[in-house]
Amino acid sequence: MSRIKLIKADSAEFTRIIKTENLFPSFDLGSEGYILSVSPKTILIVAHYDAGVFYGVQTLIQLITANEKNNSIPCMLIYDKPD
């Protein structure tokens, strides 16, 4: 069973998670961007603001729905923000 962590930039854990997990985006996440990291043990959604966390959760819901027959989602790393 995976743990799910939602982390905002104002959290003390944000900088540590970004460095530990090597999650350095090649662009500014802005107010609605997020990082979604799925590993065998942890699902991380990292964002600067609530809107980014919201959109990261929406993507995770889509992944779970799309893979419900397998009862699992593949490991992946997504960096996303609106155009």
Side-chain angles (χ1 to χ4, degrees):
M1 173 175 242
S2 294
R3 294 181 326 157
I4 298 175
K5 289 181 141 186
L6 308 174
I7 302 165
K8 282 184 24 186
D10 60 356
S11 149
E13 200 173 11
F14 180 83
T15 303
R16 184 185 66 77
I17 291 289
I18 290 291
K19 289 179 182 175
T20 303
E21 299 292 327
N22 200 25
L23 302 174
F24 299 102
S26 60
F27 56 86
D28 178 25
L29 294 174
S31 62
E32 297 180 357
Y34 63 90
I35 302 168
L36 172 60
S37 172
V38 179
S39 71
K41 294 187 179 186
T42 306
I43 297 171
L44 295 172
I45 297 174
V46 181
H48 289 291
Y49 299 99
D50 291 338
V53 172
F54 173 80
Y55 291 119
V57 169
Q58 297 309 304
T59 299
L60 179 58
I61 290 169
Q62 290 174 347
L63 290 169
I64 291 168
T65 302
N67 291 282
E68 64 188 347
K69 288 182 183 179
N70 301 332
N71 200 28
S72 67
I73 57 176
C75 293
M76 66 181 64
L77 181 58
I78 297 172
Y79 297 96
D80 192 23
K81 76 172 196 170
D83 285 337

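Numbering of residues begins at 1 and proceeds along the displayed sequence.
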Compile the donor-acceptor pairs under 3.5 Å between side chains in residues 67-83 and protein atoms, sequence neighbours left out, one pair per line.
unit_1: Asn67; atom_1: ND2; unit_2: Leu63; atom_2: O; d: 2.8
unit_1: Asp80; atom_1: OD2; unit_2: Tyr34; atom_2: OH; d: 3.1
unit_1: Lys81; atom_1: NZ; unit_2: Asp28; atom_2: O; d: 3.2

- request: Please examine the side chains of Leu36 and Val57, heavy atoms only from C-beta on, and report whether any two atoms are closer than 4.5 Å.
  value: no
- request: Heavy atoms only: give me the nearest Ala47-Gly52 pair and the separation to one decimal.
  value: CB-C, 3.6 Å
task: Flag yes if Ile35 and Tyr49 sit in one hydrophobic cluster, no otherwise; membership is Ile, Leu, Val, Met, Phe, Trp, Tyr, and two members link when side-chain heavy atoms are under 4.5 Å apart.
output: no
- prompt: Once you round to the nearest 0.5 Å, how far does CD of Gln58 lie from CD1 of Ile45?
  reply: 9.5 Å
